[in-house]
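Numbering of ligands and ligand atoms starts at 1, following listing order. Quantities reported herein were computed from a predicted structural model and do not represent experimental measurements.
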Amino acid sequence: MEKFIIEKSSPLKGEITIDGAKNAVLPIIASTILTGEKCIIENAPFLKDVEIMLKILEVLGAKTSFCEKEKRIAIDCRKISNVPLPYELVKKLRASFLFAGPLLSRFGKVNIQMPGGCPIGIRPVDLHLKGFSMLGAKIKQEHGNIEIISQGVKGNNIYLDFPSVGATENIIMAAVLAEGETNISNCSVEPEIVDLAEFLNKMGAYIYGAGTDSIKIIGVPEVYGAVHSIIPDRIEAGTFMIGAVITKGDLIIKNIICDHLRPVIAKLKDMNVDVEENENSIRVHSENELINTDVKTLPFPGFPTDMQAQFMSLMAVTKGTGIINETIFENRFMHVGELNRMGADIKVESKSAIIKGVPKLTGTQVKATDLRAGAALILSALVAEGETEISDIYHIERGYCNIEEKIRKLGGKIKKTEE
Ligand code: EPZ
């Protein structure tokens, strides 16, 4: 298995252009099932998760192509059939469950495996299934297999007990071709929901209120091919912002939407970091002594749980003590053990981590336990004394495009080796 070998690096300096958002492109790929016409997705990130979603579409009979150089995906679902999704691919990523809504909408029947838990939590799909049954579907679950059948999806009013991102996306996609109107309240307001709704509306759907906590979908008989450019990845942008600060560097991060980064900008400013916003770029540097802070992860527009691990790396080497309260996932502190192996001083008590800043970390062998934990370890390794070896880097490559090349261009000492 491949590893990253990282040495203590000089401050990261220069410019970095952010790729399209993983968590926007994945539901948009799933939604192309809704039409028999060709769809083009621009500014698509070339990620492992994207490759797997396209492979699943091909098993269904779709034609897909991904031109990495042009960052363009073409998908034609004209000839798809409703075969059961391949478990060996479904189990690789949670987002595969996002095929359920569009398949229910197009075929009235879905046969899909529970995508299984992942390191950061059990990640049930009860809110997705509740939404489908509110739209008139019958749900049968047996030994991890889920069968969803409807005699035609009918619009309804749906209240989500929790503003689940995936459940909001799946219910929207299930409701697009429904008979009548669907209102989803207490839904997710993440930017990725807005991007999905924009793509669906370009296809001819009628979706109102995306980005607010109540969304209306007026069902239409058919939707058509569309072209759409994916929003920038706010989590990749946030990760490089931390990279600038933790290495005492100076980065200009381009192709971003500052409004998607408000909580990260605010918390960095609390720590005495200089953040200069421009039209679609941001400059991050800090000559001042940093002050530790507290973070509570919340659904958007709160502090993103997907930035929690990366922020912890920065807090671990910042003077003073800070507390992180992780309210979204029940097991998203696995990077604590790895950071402590590098000399960090972090204690976990239930859903909170108490981080006591230490003057330095020391390189050693560590393991990426999940995608964002892996990114956090890269950030820590860039400032740790000596050499750090990160294994299980496939987690990281699921969500970051050519991360080692991007970091090397900014002065980071990182290379990939075969184990
Ligand atoms: C999306 O996951 C993202 N993934 C996650 O990003 C992100 O951390 C998460 O939203 C929260 O922002 C994609 O978009 C592909 P949720 P999702 O449904 O949709 C519970 C990354 O690092 N829940 O909002 O699965 C669930 O267990 C990944 O890029 C239920 O209880 O997140 C969790 O505790 C990690 N029942 C909470 O809600 C349900 O039916 C948030 O989950 C659904 C969710």
Side-chain angles (χ1 to χ4, degrees), residues 19-31 45 47-50 52-53 90 92-101 114-134 139 141 146 148 158-174 184 186-196 213 230-231 233-239 260 263-264 297-311 326-335 351 368-376 395-401:
D19 278 305
K22 168 179 86 78
N23 293 347
V25 75
L26 297 180
I28 284 174
I29 289 173
S31 72
L47 300 168
K48 292 272 184 255
D49 277 10
V50 170
I52 296 169
M53 290 290 274
V90 163
K92 290 185 176 187
L93 81 162
R94 305 273 312 148
S96 58
F97 202 70
L98 294 173
F99 283 116
M114 271 294 284
C118 75
I120 60 174
I122 300 165
R123 300 183 78 179
V125 291
D126 56 307
L127 298 175
H128 301 238
L129 299 179
K130 176 184 167 193
F132 296 148
S133 52
M134 296 287 284
I139 316 271
Q141 296 189 61
I146 302 177
I148 311 166
I158 297 166
Y159 169 80
L160 283 180
D161 300 352
F162 178 85
S164 154
V165 175
T168 302
E169 291 164 343
N170 242 336
I171 295 166
I172 288 174
M173 294 190 283
I184 313 170
N186 193 36
C187 57
S188 163
V189 302
E190 314 280 309
E192 293 74 25
I193 304 285
V194 177
D195 212 28
L196 172 64
D213 63 2
I230 300 293
I231 53 170
D233 193 317
R234 60 195 167 103
I235 306 302
E236 184 190 25
T239 305
H260 292 173
V264 177
T297 66
L298 286 167
F300 194 87
F303 189 93
T305 175
D306 293 349
M307 278 300 303
Q308 179 256 102
Q310 302 92 306
F311 216 84
E326 171 56 62
T327 73
I328 307 290
F329 288 106
E330 66 271 25
N331 188 32
R332 202 168 198 174
F333 283 142
M334 283 168 297
H335 40 286
K351 285 180 160 282
T369 50
D370 62 84
L371 164 54
R372 306 302 173 182
H395 284 296
I396 304 171
E397 295 179 323
R398 286 188 43 209
Y400 292 94
C401 219

Might you confirm whether atom NZ of Lys130 has over 12 heavy atoms from other residues, nucleotides or ligands at distances under 6.0 Å?
yes
Heavy atoms under 4.0 Å from ligand 1: which residues qualify?
Lys22, Asn23, Ile120, Arg123, Pro124, Val125, Asp126, Leu127, His128, Phe162, Ser164, Val165, Gly166, Thr305, Asp306, Ile328, Phe329, Arg332, Leu371, Arg372
Could you walk me through whether His335 and Gln308 pass side chain to side chain donor-acceptor pair (under 3.5 Å), step by step?
CA-CA 10 Å; His335 40 286; Gln308 179 256 102; 2.8 Å; yes
Set of residues satisfying side-chain hydrogen bond (donor to acceptor under 3.5 Å, both in side chains) with respect to Asp233, sequence neighbours excluded:
none
By side chain to side chain contact (heavy atoms under 4.5 Å, CB included) - contacts of Thr369 (at least two apart):
Met334, Ala373
Excluding sequence neighbours, so at least two apart, what forms ring pair (Phe, Tyr, Trp, His ring centres under 6.0 Å) with Phe99?
none
Which atom of Arg94 lies closest to which atom of Ile122, heavy atoms considered
NH1-O, 4.4 Å
